[in-house]
Amino acid sequence: MKILGIETSCDETAAAVIESPSDPVDSVKILSNIVASSQELHIKTGGIIPEKAAREQIKSILPVIDEAVAPLRRGYEDLDAIAVTYGPGLIGSLLIGVETAKTISYLWKKPLIPVNHLVGHLYANWLELLLPQFPALGLVVSGGHTDLVLMKDHGKLEWIGGTRDDAAGEAFDKTARLLGLPYPGGPAIAQAAEHLKQKVKDEKLSLFPRPMIKEDNFDFSFSGLKTAVLKETKNKKFEVKDKERLAAEIQEAIVDVLVNKSIRAIKKYRVKSFLLAGGVAANNRLKEKLARLISAENVPVRLHVPRASYCTDNAIFIATAACFNFNKIDWKKIAASPELTIMD
Ligand code: KG4
Ligand code: ZN
């Protein structure tokens with residue numbers, strides 16, 4: 001079965017075609033993967049202006065879909081279904097993808113499958129050779145969301161915790177701005193922190209608070225970090241080395257909380273696989289620290305982390321999620337839903 005995925009929830013316009021495996025133990029085959037990003041524009045403004053992102057989506061959507069379908073021998077006729085992100089995300093951006101998908105579903109006479117963007121992120125883990133096993137726990141850490149979910153099977157998700165304020169990615173983005181680092185803040189902070197690591201070995205990084213780390217639940221809070229960084233940086237001139245030090249401190253504070261709560265959840269739910277997902281899953285320090293703790297504490301779980309290019313927004317994971325959750329819905333009933341949660 002060949003599925004065209006369409007993703008336009010934020011500043012990426014993406015389309016991809018995947019082929020589902022004939023044997024369920026195999027991973028899906030990627031036939032095309034096209035991503036156009038308006039990130040360059042948002043770097044200039046230090047963050048996303050939704051109106052601008054939507055305008056860029058309009059320009060890119062048709063060429064991106066054409067390019068994704070081009071490698072198919074009979075073009076779109078070879079497709080068995082179309083999958084589209086219907087939320088959460090920016091309303092203007094989502095509308096472009098959803099309305100385009102509905103139109104081509106009608107014109108091409110292909111079933112349409114709506115995909116929750118956050119659930120889609122988890123399916124980046126089904127693109128690697130080693131497939132996750134159920135029960136699994138998933139930590140979705142993106143620009144707008146931080147959710148821990150128990151996956152008993154495909155389509156059987158249970159929310160066990162999440163952020164009470166800012167998302168982990170948002171914490172990276174906002175604090176990076178305070179340090180004068182470019183958007184998106186996650187990769188910029190990771191890079192600055194990496195420089196420090198090369199200069200100073202075994203640095204003890206404990207300047208910033210780790211909110212809720214000791215609480216016996218699976219919730220997170222990252223808004224206090226922003227205030228703490230503001231206090232540390234306000235009206236101060238800092239040199240490159242101070243910036244690297246602060247970046248490492250910020251990264252460590254975010255990673256510590258994520259890792260700590262994840263390990264506790266893995267032990268409690270005794271899952272076979274732990275899945276990292278979302279843009280922040282591309283963070284090397286997060287992967288490294290989680291892997292180290294799982295091994296040091298002898299936790300019997302297999303850690304799955306998608307390659308970095310599959311962690312950030314793309315349409316392959318949208319098509320893959322549709323492949324494992326083939327819920328086709330009458331196109332007339334599908335609507336862009338910016339406020340969707342991972343459980344909707
Ligand atoms: O999942 P994603 O591509 O888009 C959303 O659905 O939000 O995630 C984007 C977020 C941004 O906040 C960005 O700063 C963060 O992921 N991010 C990272 C890294 N790469 C992207 N955060 C930390 N370290 C990274 N290497
Ligand atoms: Zn995303």
Side-chain angles (χ1 to χ4, degrees), residues 5-14 16 35-39 42-43 46-48 50 53 57 84-90 93-94 97 115-125 138-147 162-163 166-179 181-195 197 222 225-226 247-259 275-290 305-318 320-321 338-342:
I6 298 175
E7 154 62 40
T8 66
S9 64
C10 193
D11 56 344
E12 266 92 23
T13 314
V35 183
S37 177
S38 56
Q39 208 174 78
H42 311 305
I43 290 172
I48 295 177
Q57 296 281 5
V84 66
T85 301
Y86 73 112
L90 303 172
S93 291
L94 283 170
V115 176
N116 181 317
H117 179 80
L118 302 171
V119 175
H121 266 300
L122 288 167
Y123 279 86
N125 287 288
L139 175 67
V140 182
V141 267
S142 70
H145 296 82
T146 300
D147 289 300
T163 187
D166 290 355
E170 198 176 352
F172 272 112
D173 294 338
K174 287 180 175 170
T175 53
R177 208 177 167 150
L178 294 175
L179 295 190
L181 291 170
Y183 173 85
I189 286 194
Q191 205 185 354
E194 190 62 28
H195 284 156
K197 198 174 130 196
F222 293 108
L225 182 62
K226 203 174 47 199
E249 290 279 9
I250 292 166
Q251 176 171 262
E252 211 61 19
I254 298 172
V255 165
D256 261 357
V257 183
L258 293 174
V259 168
L275 323 179
L276 270 184
V280 180
N283 186 276
N284 286 332
R285 184 70 182 144
L286 174 61
K287 294 184 248 184
E288 194 183 282
K289 207 159 182 177
L290 194 52
V305 188
R307 69 194 69 176
S309 58
Y310 295 169
C311 287
T312 46
D313 291 351
N314 64 73
I316 326 172
F317 66 59
I318 297 302
T320 306
E339 305 292 339
L340 211 64
T341 74
I342 197 163

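Read the numbers this way: they start at 1 and go in the same order the structure lists the ligands and their atoms.
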Review point. Just by modelled atom types, is the Glu12 backbone N or O under 3.5 Å from a matching donor or acceptor in the Gln57 side chain?
Key: yes
Contact summary for [X] and [Y], nearest pair of heavy atoms:
X: Asp313; Y: Ser9; answer: OD2-OG, 4.0 Å
X: Pro182; Y: Ala188; answer: O-CB, 3.7 Å
X: Thr163; Y: Asp166; answer: OG1-O, 2.6 Å

Point to revise | All ring-ring contact (aromatic ring centres under 6.0 Å, His included) counterparts of Phe317, not counting sequence neighbours | key: His117, His121
Study note, to complete from the structure: Rounded to the nearest 0.5 angstrom, the NZ-CD distance for Lys289 and Gln251 is 9.5 Å
Under 3.5 Å, N/O to N/O: give me all the pairs between ligand 1 and the protein, one per line with atom names and distance.
| residue | atom | partner | partner atom | Å |
| --- | --- | --- | --- | --- |
| ligand 1 | 1 (O) | His121 | NE2 | 2.9 |
| ligand 1 | 1 (O) | Gly279 | N | 3.0 |
| ligand 1 | 1 (O) | Asp313 | OD1 | 3.3 |
| ligand 1 | 3 (O) | Asp313 | N | 3.2 |
| ligand 1 | 3 (O) | Asp313 | OD1 | 3.4 |
| ligand 1 | 4 (O) | Asp313 | OD1 | 3.3 |
| ligand 1 | 4 (O) | Asp313 | OD2 | 3.2 |
| ligand 1 | 6 (O) | His117 | NE2 | 3.1 |
| ligand 1 | 6 (O) | Asp313 | OD1 | 3.4 |
| ligand 1 | 7 (O) | Gly143 | N | 2.8 |
| ligand 1 | 8 (O) | Gly143 | N | 3.4 |
| ligand 1 | 12 (O) | Gly169 | O | 3.2 |
| ligand 1 | 12 (O) | Asp173 | OD1 | 3.4 |
| ligand 1 | 12 (O) | Asp173 | OD2 | 2.7 |
| ligand 1 | 14 (O) | Asp173 | OD1 | 2.7 |
| ligand 1 | 14 (O) | Gly186 | N | 2.9 |
| ligand 1 | 20 (N) | Gly279 | O | 3.4 |
| ligand 1 | 24 (N) | Asn283 | ND2 | 3.0 |

Point to revise | Residue that, paired with Leu258, satisfies side-chain contact (heavy atoms from CB on, under 4.5 Å) out of Leu286, Leu276, Leu290 | key: Leu286
Check your understanding: Is a salt bridge present between Glu170 and Lys226, judged by a nitrogen-to-oxygen distance below 4.0 Å?
Key -> no
Review point. Who passes side-chain hydrogen bond (donor to acceptor under 3.5 Å, both in side chains) against Tyr123, sequence neighbours left out?
Key: His154, Asn325
Exercise for review: Have a look around the Zn ion (ligand 2) and list protein N/O/S atoms under 2.8 Å, or say none.
Suggested key: His117 NE2, His121 NE2, Asp313 OD1
